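Have a look at the structure below before the remarks.
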Amino acid sequence: MQVAELQQNLVQHQHKENKIMCKKIQLSVSDTELHNHHHNSCGCDVDGCHKVEGEDLFIPPLNFAMVDNGIFRSGFPEPANFSFLQTLALRSIIYLCPEPYPEANMEFLKSNGIKLYQFGIEGHKEPFVNIPEDTIREALKVVLDVRNHPLIIHCKRGKHRTGCLVGCYRKLQKWCLSSVFDEYQRFAAAKARVSDQRFVELFDISTIKPLPITFSSFKR
C-alpha cells in the first residue's frame with residue numbers, strides 16, 4: 001500500500017508541476033505578445049525601447065552637418081527642429097535668404113538668446129546667377145568671429161547659398177578645390193550648379209585675415 005501511495009503522490013506531484021509549467025509558458029507567450037504589440041504601436045525596432053508619449057524628439061534640420069568646431073550648416077529650421085537646435089547652445093544664426101524670418105523662428109531666437117545675422121542673397125537659378133561677393137565676405141566675417149560661436153549657417157535647403165559660403169570658408173582652411181567641390185556636391189546632389197563652384201573657385205581670400213590656429217579644426 002505504501003508503494004501505491006508513493007506512486008499516486010508522485011503522479012499528483014508531476015501533474016501539479018506540469019500545470020505550473022503550462023502556466024509559465026502561457027505567461028511567457030502573453031509577455032511576448034505584449035512586447036510585440038508595444039513595438040507595433042510605437043513603431044520602434046529596438047529592444048527595450050521606452051518611448052513615452054509627449055517626449056521631445058531631437059530632429060535635425062534638413063541637410064544638417066557640422067562644418068567645424070562651433071560651426072554648423074543646414075536647410076531652413078522648422079519648429080520640429082527647435083528642440084534639436086537647443087542642444088547646440090547656439091549663439092548665432094546666419095540666414096542667407098532675403099525673405100523675413102518667420103515669427104515662430106524669431107520667438108525661438110528670443111527665448112534662447114540667439115542673435116540673427118541676415119544676408120539676403122537671392123536664390124537665382126542658372127544662367128541668371130548673381131552671387132554677391134561683398135555679401136559673402138560680410139557673412140564670412142561673422143563666421144570667423146569666435147564670439148558668435150556656436151553658430152549655424154542656413155538658407156532654404158542648405159545647398160547653394162550655404163554651399164557657397166562654406167566653400168569659401170574651406171578655401172580659408174587651405175582645402176584643395178577638388179575637396180571643396182566634393183563637399184558642395186554632396187549636399188547639392190542633383191541640384192549642383194557649375195556657377196556656384198565657379199564662384200568659389202574665383203573667390204579671392206587674400207584680403208581676409210587668416211584663421212587663428214585655435215579656431216580651425218586643422219591645427220598645425
Side-chain angles (χ1 to χ4, degrees), residues 60-77 81 84-98 109 114-126 129-220:
L62 176 73
N63 267 336
F64 175 82
M66 183 176 182
V67 177
D68 202 346
N69 296 325
I71 304 175
F72 305 92
R73 63 178 290 170
S74 75
F76 204 100
N81 310 132
F84 174 83
L85 293 180
Q86 283 180 316
T87 66
L88 304 179
L90 296 174
R91 288 184 182 174
S92 314
I93 285 181
I94 296 179
Y95 175 43
L96 300 177
C97 302
L109 299 189
I114 301 172
K115 187 172 182 178
L116 177 66
Y117 293 90
Q118 183 171 3
F119 300 94
I121 301 174
E122 294 289 343
H124 295 296
K125 296 183 179 180
E126 293 180 299
V129 180
N130 181 28
I131 302 172
E133 183 172 328
D134 289 343
T135 304
I136 292 293
R137 288 184 180 278
E138 290 302 311
L140 273 175
K141 290 179 182 178
V142 177
V143 174
L144 296 175
D145 189 343
V146 295
R147 294 172 295 181
N148 297 321
H149 296 180
L151 63 79
I152 189 168
I153 305 164
H154 80 81
C155 49
K156 287 290 186 183
R157 300 289 179 180
K159 295 180 179 180
H160 304 115
R161 286 166 281 194
T162 298
C164 286
L165 181 55
V166 172
C168 293
Y169 172 77
R170 295 306 190 194
K171 288 187 69 176
L172 287 171
Q173 289 185 308
K174 307 301 182 182
W175 279 32
C176 65
L177 279 177
S178 60
S179 295
V180 174
F181 294 159
D182 283 346
E183 181 179 44
Y184 168 86
Q185 292 164 4
R186 187 165 67 252
F187 287 92
K191 299 292 185 178
R193 296 174 182 169
V194 173
S195 58
D196 287 348
Q197 296 171 80
R198 183 68 173 168
F199 171 82
V200 173
E201 181 180 2
L202 297 177
F203 185 80
D204 183 12
I205 63 171
S206 62
T207 60
I208 300 177
K209 187 177 180 180
L211 294 177
I213 293 177
T214 56
F215 170 60
S216 173
S217 61
F218 296 89
K219 297 179 181 179
R220 298 182 184 278

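The structure presented is a predicted model; accordingly, all values stated were derived computationally and were not measured.
Taking all atoms of both residues into account, the shortest heavy-atom contact from Gly75 to Pro61 is O-CB, 4.0 Å. In terms of heavy atoms, Lys174 sits closest to Ile205 at NZ-CD1, 4.4 Å. For the pair Ala192 and Gln197, the tightest heavy-atom approach, listed with the atom from each and the gap, is CB-NE2, 4.5 Å. For Lys156 against Arg161, the heavy-atom pair with the smallest separation is CG-NH2, 3.6 Å.
The cationic atom of Lys159 (NZ for Lys, CZ for Arg) does not lie both less than 6.0 Å from the six-membered ring centre of Phe187 and within 45° of the ring axis.
One finds the OG1 atom of Thr135 at 5.5 Å from the CD1 atom of Ile121 (value rounded to the nearest 0.5 Å). To the nearest 0.5 Å, atom NE2 of residue His160 and atom OG of residue Ser195 are 8.0 Å apart. Interatomic distance, CD of Gln185 versus NZ of Lys191, reported as 15.5 Å (0.5 Å rounding). The CZ atom of Phe181 sits 10.0 Å away from atom CG of Asp196, with the distance rounded to the nearest 0.5 Å. To the nearest 0.5 Å, atom OG of residue Ser92 and atom CD1 of residue Ile152 are 11.5 Å apart. Residue Leu85 holds its CG atom at 10.0 Å from CZ of Phe72, rounded to the nearest 0.5 Å.
A 4.5 Å side-chain heavy-atom check between Arg73 and Asn63 finds every atom pair outside the cut-off. Contact annotation: the side chain of Phe64 never approaches that of Asn81 to less than 4.5 Å [non-hydrogen atoms, C-beta and beyond]. Residues Leu172 and Leu144 have side chains in contact (heavy-atom distance under 4.5 Å, counting atoms from C-beta outward). Counting heavy atoms from C-beta outward, Arg193 and Tyr184 have side chains that approach closer than 4.5 Å. Side-chain contact between Tyr117 and Leu151 is absent, with no heavy-atom pair separated by less than 4.5 Å. At a threshold of 4.5 Å between non-hydrogen side-chain atoms, the residues Ser179 and Arg170 do not count as touching.
In this structure, the side chain of Lys115 does not engage the main chain of Asn148 through any donor-acceptor pair within 3.5 Å. With hydrogens and angles disregarded, no donor-acceptor distance shorter than 3.5 Å links the side chain of His149 to the backbone of Leu90. Between the side chain of Thr162 and the main chain of Cys155, a donor-acceptor pair closer than 3.5 Å is present.
Classification of the Phe199-Phe203 ring pair by plane angle, with boundaries at 30° and 60°, yields tilted.
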(request) Give the intermediate values and the outcome of side chain to side chain contact (heavy atoms under 4.5 Å, CB included) for residues Tyr95 and His154. (result) CA-CA 5 Å; Tyr95 175 43; His154 80 81; 3.2 Å; yes
(message) Please evaluate residues Phe119 and Leu165 with respect to the criterion side chain to side chain contact (heavy atoms under 4.5 Å, CB included), reporting the C-alpha separation (whole Å), side-chain torsions for both, the decisive distance (0.1 Å), and the verdict.
(response) CA-CA 11 Å; Phe119 300 94; Leu165 181 55; over 6 Å; no
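By the 6.0 Å contact criterion, CZ on Arg137 is enclosed, its count of non-hydrogen atoms from other residues, nucleotides or ligands being greater than 12.
In this structure Arg91 satisfies the side-chain contact (heavy atoms from CB on, under 4.5 Å) test together with Pro150, sequence neighbours excluded. Scanning for side-chain contact (heavy atoms from CB on, under 4.5 Å) contacts around Lys141 gives Glu138, with sequence neighbours left out.
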